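What you are looking at is a predicted structure, and each value in this text was computed from that prediction instead of being measured. Below, chains carry the letters A, B, ... as their sequence lines are ordered, and counting in each starts from 1.
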Amino acid sequence: MMRHDESLLWEYAARELPSEDARLVQHHLTECPECQEKLTDVRTARGALAAVKGADFRFTYAKADAAIARVVEKKMAHAAFSRPWVLGLSGALVTAGLLLVAYGFWSKAPPAPLPELAEVEAPAPRPLPLAVERAAGLTVIGAQTRVLGNGAALASGDVLRTEAKGEATLRLPEGSRLKLGGGAQLSLTRADSDDVALQLERGHLAVAASHAQRKGFVVHTEGMMVTVVGTRFAVTSSRDGVEVAVAEGKVSVEPPVGLPQFVSAGQRVRFDSRWRSQRGSLTAAEKRELSALGESTADAVKPPTPVVPAHGGGTRAAAPATPTSASDLKSLVADAALELAPPPSRPADPAPAPSKPDMTGLEVPLLASPVESVGHPPAPSPTTPGDWAPLPAAKPASANASKLNDESPEESPDEVLQRADRSLSHGTCDRFLKQLDQLASDASRGPRAEKARIIRARCFDAQMRVRDAKEEYRRYLMQYPGGQYVDEARHIADE
Amino acid sequence: MSAGALSLQRVIPTPAPPTAAELKLMRLVERVQQDDLTAFEELYRLTRDEVARTLCHLVGRRSDLEDLIQETYLRLLKAVPRYKGQSRFRTFLYGVTANVALMHLRWWRRRREDLGDVPDCASEGRDPEAVAQAAEAARLVQRALATMSAKKRIVFVYHELCDMGPEEIAEATDTPYNTVRSRLHHARMEFTAAMRGLTGAQS
């Protein structure tokens with residue numbers, strides 16, 4: 001029998017073959033002893049299988065029972081939880097828990113402002129429009145540069161620029177006011193009702209920040225970030241550095257190099273081109289001078305606004321406090337006008353001798369070598385308004401006066417000093433060096449000569465001409481040993 | 001006698017009417033499908049002996065048997081929702097059991113090439129002589145089965161020990177009918193040869 005046919009013997013033994021096939025196999029078996037032997041093997045194998053199949057099989061299922069019970073219990077618990085009413089109940093419990101947590105936070109929230117403060121803050125129920133309150137020589141630059149007048153609407157992203165003699169007062173949606181000085185450029189990066197970010201490219205910016213709750217109020221300039229903590233401050237950006245003066249409250253100043261620092265009310269900090277800081281304080285003389293200036297103005301009904309001198313710019317009057325009423329708004333506008341407008345005409349007499357600047361508390365942390373002083377004009381001493389504003393009208397023009405300015409012979413020495421002073425921040429002061437030298441050499445001009453000498457020294461310093469700057473400061477010290485800028489001159493000359 | 005002398009008829013038995021036990025299992029399955037897990041526990045109790053015996057024949061190792069029983073019923077619990085009554089539940093259950101045994105045998109073969117003298121699934125009984133004979137037969141059968149491949153073993157065990165026809169085996173293992181027939185044919189010859197060798201060695 002072939003191997004393939006061996007399976008027939010198993011089928012024959014299992015009685016799986018049809019009767020006809022079974023007869024054929026049976027007939028073959030009678031003639032083939034080999035297949036008979038194989039059939040015996042098959043029957044033995046089947047016998048063993050039958051013995052196993054018929055055995056009484058018992059098994060303990062303790063482990064399997066426990067496992068199945070655990071699985072069933074777990075599934076039942078899951079099924080119970082997934083029922084709709086259980087889900088609903090669970091959702092209600094979770095919601096109740098969240099409400100309790102929310103109530104807990106709410107109950108721990110800071111109390112509402114005191115009534116008197118609330119009156120001062122007077123948060124506007126609706127955001128105010130971002131607009132120009134008052135402008136002169138204000139343009140918005142961009143694809144369509146246009147001149148903006150009073151009441152002109154603004155939008156976040158606008159870039160504003162004021163002419164050299166221009167000025168502008170802006171109102172932000174969250175109630176703050178900005179006053180932009182002449183020759184300034186300001187980007188309204190973000191001026192929302194709850195977030196303000198400004199970029200002062202150059203010039204002077206005074207801010208009267210409202211007390212409205214907001215995400216932030218930040219002024220960026222020259223890589224430095226001024227974060228508003230208080231209310232009134234001024235930022236001046238020029239090539240010589242950045243100065244932040246605070247009249248009220250506190251601001252946080254974060255220079256790109258060095259540690260952040262706070263500037264409190266009555267303080268100012270000046271950073272030179274190397275971000276070395278100098279701190280100064282507002283002096284009583286400054287406040288008196290500004291008070292006198294404010295009182296001389298009919299619209300100045302508010303308390304005198306402190307003036308914060310800033311290097312390279314005009315007289316820095318911090319913005320007035322946040323207006324709380326119509327009269328306050330009016331006075332604010334008036335104060336703003338005072339800050340940037342030329343001062344009222346004065347008598348022809350020379351200005352009274354200014355008091356010596358109070359430099360107590362001035363910090364000069366890093367002045368290691370003369371090289372380091374390059375491009376580092378000293379912090380301007382708190383000065384009288386005459387430091388920035390035109391001096392009183394000159395005496396009848398002298399012969400020298402007509403020679404001061406070849407380009408505009410009719411320009412007065414005061415105008416020359418003013419223009420030269422402004423040019424310091426624009427890096428164009430070198431064209432005034434000759435005129436300044438003529439003015440400084442004319443001893444009969446008194447304070448104008450002193451002013452010309454110091455501007456000339458500052459110009460050399462700004463032009464990185466260290467040797468010339470020191471020489472000029474030494475001349476100043478020789479001519480004016482008790483002068484107004486002695487500290488500044490000594491500081492540079494001794495480096 | 002040649003292969004062509006006898007015709008291999010495909011015997012497809014007429015499905016027998018479901019028995020009472022089968023109907024009971026079907027009702028339990030329906031309850032399980034309706035998330036009545038108490039029915040699953042009852043289903044487990046009713047079928048665990050048959051599953052344990054089958055697994056014992058398929059894998060032959062008591063130490064692994066409890067784990068395999070647990071694994072079989074866990075798979076069954078997941079598979080029950082897919083059962084649509086297209087076959088007898090017993091066939092469906094044997095399909096799950098075959099998969100568990102197949103995976104285990106493959107795993108075991110990778111772990112141990114030489115199975116050695118593996119313990120068999122002992123049987124118990126009142127007659128000590130019958131118990132001894134059954135134990136000896138079981139030992140021989142297990143050793144003979146161990147020589148087969150896993151798939152042949154499944155077909156052989158299901159046919160010879162579980163009384164399943166080739167058609168039902170094909171359905172349970174999701175294997176073509178002719179494949180089942182072929183595996184059964186070779187499994188029988190291998191088993192006979194293995195038993196001949198085992199009994200000859202003993203004698």
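More than 12 heavy atoms of other residues, nucleotides or ligands shown are found within 6.0 angstrom of CD on A/Gln36.
Considering only heavy atoms from C-beta on, B/Tyr44 stays 4.5 Å or farther from A/Val72 through its side chain. In this structure the side chain of A/Val71 never reaches within 4.5 angstrom of the side chain of B/Tyr73, judged on heavy atoms. Within the 4.5 Å cutoff, the side chain of A/Leu49 has heavy atoms near those of the B/Phe191 side chain. Side-chain atoms of A/Val52 and B/Gln142, non-hydrogen and from C-beta on, never get closer than 4.5 Å to each other.
Contact annotation for B/Ile69: only side-chain heavy atoms (C-beta onward) come within less than 4.5 Å of a heavy atom of chain A. When heavy atoms are compared at a cutoff of 4.5 Å, B/Asp36 does not approach chain A at all. At a 4.5 Å heavy-atom cutoff, the contact between A/Ala69 and chain B is made by backbone and side-chain atoms alike. Only the side chain of B/Leu77 has a heavy atom closer than 4.5 Å to any heavy atom of chain A. Of the atoms belonging to A/Val42, heavy atoms from both backbone and side chain fall under 4.5 Å from chain B.
How far CE of B/Met189 is from CG of A/Leu9: 11.0 Å, rounded to the nearest 0.5 Å. Atom NE2 of B/His57 and atom NZ of A/Lys53 lie 9.0 Å apart (nearest 0.5 Å). Atoms NE2 and CD, on B/His185 and A/Glu11 in that order, are 9.0 Å from each other to the nearest 0.5 Å. Atom CG of B/Leu37 sits about 11.0 Å away from atom CD1 of A/Ile68, to the nearest 0.5 Å.
Using a 4.0 Å cut-off between a side-chain N of Lys or Arg and a carboxylate O of Asp or Glu, A/Glu16 and B/Arg181 do not qualify as a salt bridge.
Options B/Arg45, B/Glu71, B/Met195, B/Glu160 differ in how many heavy-atom pairs under 4.5 Å they form with chain A, and the most are formed by B/Glu160. In terms of heavy-atom pairs under 4.5 Å with chain A, the best-connected choice from B/Leu184, B/Leu74, B/Asp163, B/Thr38 is B/Asp163.
Side-chain N or O atoms of B/Gln70 include none that pairs as donor or acceptor with a backbone N or O of A/Ala64 at under 3.5 Å.
When all heavy atoms of B/Ala137 and A/Ala48 are compared, the closest pair comes out as CB-O, 3.9 Å.
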